[in-house]
Amino acid sequence: MSERRYWLMKSEPSCFSFDDLKARPDSTEHWDGVRNFQARGYLKDEMKVGDRAFFYHSNIADPAIVGIVEVVKAGYPDWTAFDPENEHFDPRGSKEKPLWFMVDVRYVAPLPRPVTLRELKGVPEVGDMVLLKRGRLSVQPVREEEWRAILRLAGMQEEP
DNA sequence: GCCAACGTTGGC
DNA sequence: GCCAACGTTGGC
């Protein structure tokens, strides 16, 4: 069995929040609508079943990591790109030659308390995080040391 | 709501 | 294949 990798996935809570994920059937949802080529690469090829990700709330007064999710289905075509009615429609791809991909994630657990971006900026151990270096990437890798440092900050003794 | 940063597009 | 213009993200 290959080693679990760690990620961070952003969502605007007004659009789709961590609690919204919890409320879904099986607490599972497609992570659709990502239209950035670097993030696409992660979704399509690198995120594997069993990998875990921080769920990050962006575009709010105090943006923060609020919880943990798990990848339950690896990369497959994002059908919202095929639907002209959908806001994420992209005519460059097709069902035969999909351009955009998504994974399915399942709610695992909230952090004991949210860890804010503001707070992370003051923590040397996470100073190299993609979140701090390249703020706009909506799906991004997290190093294992960073993952653990954030769990510790949040007061989580043991990963569920 | 503003605007800086930065990813993407398209003319050349 | 460069790079200016444009559009979007996301912190503030």
Side-chain angles (χ1 to χ4, degrees), chain A residues 5-24 29-47 51-71 74-105 107-143 145-147 149-156:
Chain A
R5 293 181 66 187
Y6 298 100
W7 306 90
L8 182 145
M9 305 171 91
K10 293 185 193 172
S11 186
E12 300 187 24
S14 63
C15 177
F16 185 71
S17 72
F18 191 53
D19 283 339
D20 291 337
L21 176 62
K22 187 179 187 181
R24 289 297 150 117
E29 185 57 286
H30 328 293
W31 204 265
D32 61 25
V34 175
R35 298 293 180 267
N36 166 284
F37 284 99
Q38 190 173 357
R40 168 192 185 269
Y42 297 137
L43 292 166
K44 176 174 179 284
D45 301 317
E46 300 201 35
M47 299 178 80
D51 283 2
R52 291 200 159 177
F54 285 132
F55 197 110
Y56 177 87
H57 281 168
S58 67
N59 246 311
I60 51 174
D62 232 349
I65 297 170
V66 295
I68 296 171
V69 301
E70 183 163 315
V71 177
Y76 62 105
D78 179 348
W79 53 266
T80 64
F82 307 142
D83 176 7
E85 304 292 303
N86 193 285
E87 62 172 324
H88 299 298
F89 175 62
D90 188 337
R92 292 176 295 177
S94 66
K95 284 175 188 168
E96 294 70 37
K97 276 197 126 185
L99 177 59
W100 299 112
F101 289 78
M102 59 187 176
V103 299
D104 289 358
V105 297
Y107 181 99
V108 173
L111 295 187
R113 65 174 186 88
V115 175
T116 65
L117 177 63
R118 194 152 36 95
E119 183 180 359
L120 288 174
K121 284 177 176 169
V123 180
E125 294 159 280
V126 300
D128 286 331
M129 275 187 83
V130 180
L131 185 67
L132 304 181
K133 299 260 154 146
R134 249 174 308 158
R136 292 186 49 187
L137 192 59
S138 67
V139 175
Q140 52 180 262
V142 172
R143 294 209 298 255
E145 313 88 83
E146 297 162 345
W147 181 269
I150 289 165
L151 292 186
R152 208 178 315 125
L153 271 175
M156 188 169 255

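Proteins come first, then strands; the chains are lettered A, B, ... in the order of their sequence lines, and each starts at number 1.
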field: Flag, side chain of A/R40 to backbone of A/L99, donor-acceptor distance under 3.5 Å
entry: yes

statement: When rounded to whole Å, the NE2 to P distance for the pair A/H57 and C/dC12 reads 17 Å

Taking only N/O atoms, report every protein-nucleotides 6-8 of chain B pair under 3.5 Å with atom names and distance.
{"from": "B/dC6", "atom 1": "O2", "to": "A/R136", "atom 2": "NH1", "distance (Å)": "2.2"}
{"from": "B/dG7", "atom 1": "O3'", "to": "A/N36", "atom 2": "ND2", "distance (Å)": "3.4"}
{"from": "B/dT8", "atom 1": "OP1", "to": "A/F37", "atom 2": "N", "distance (Å)": "3.1"}

- request: Have a look at A/D78 and tell me which of A/R35, A/H88, A/K44 forms a side chain to side chain donor-acceptor pair (under 3.5 Å) with it.
  value: A/R35

- line: Only one of A/W147, A/Y6, A/W7 passes side-chain contact (heavy atoms from CB on, under 4.5 Å) with A/F54, and that residue is A/W147

task: Report the residues that fulfil side-chain hydrogen bond (donor to acceptor under 3.5 Å, both in side chains) with A/H30, sequence neighbours left out, ordered by chain and then residue number.
output: A/Y76, A/D104

- line: Between A/N59 and A/D90, the residue closer to the 5' end of DNA chain B by nearest nucleotide is A/N59

- prompt: Would you say the side-chain atoms of A/T80 pair up with the backbone N or O of A/N86, donor to acceptor, closer than 3.5 Å?
  reply: no

field: Interatomic distance, A/L137 CG vs C/dG10 P [rounded to whole Å]
entry: 9 Å

field: Output field: ring centroids A/F37/A/W100 closer than 6.0 Å
entry: yes

- line: Rounded to whole Å, CD1 of A/I60 lies from P of C/dG11 at a distance of 8 Å

Distance below 4.0 Å between A/K10 side-chain N/O and C/dT9 OP1 or OP2: no

- request: Return the value, rounded to whole Å, for the distance between atom OH of A/Y56 and atom P of C/dT9.
  value: 15 Å

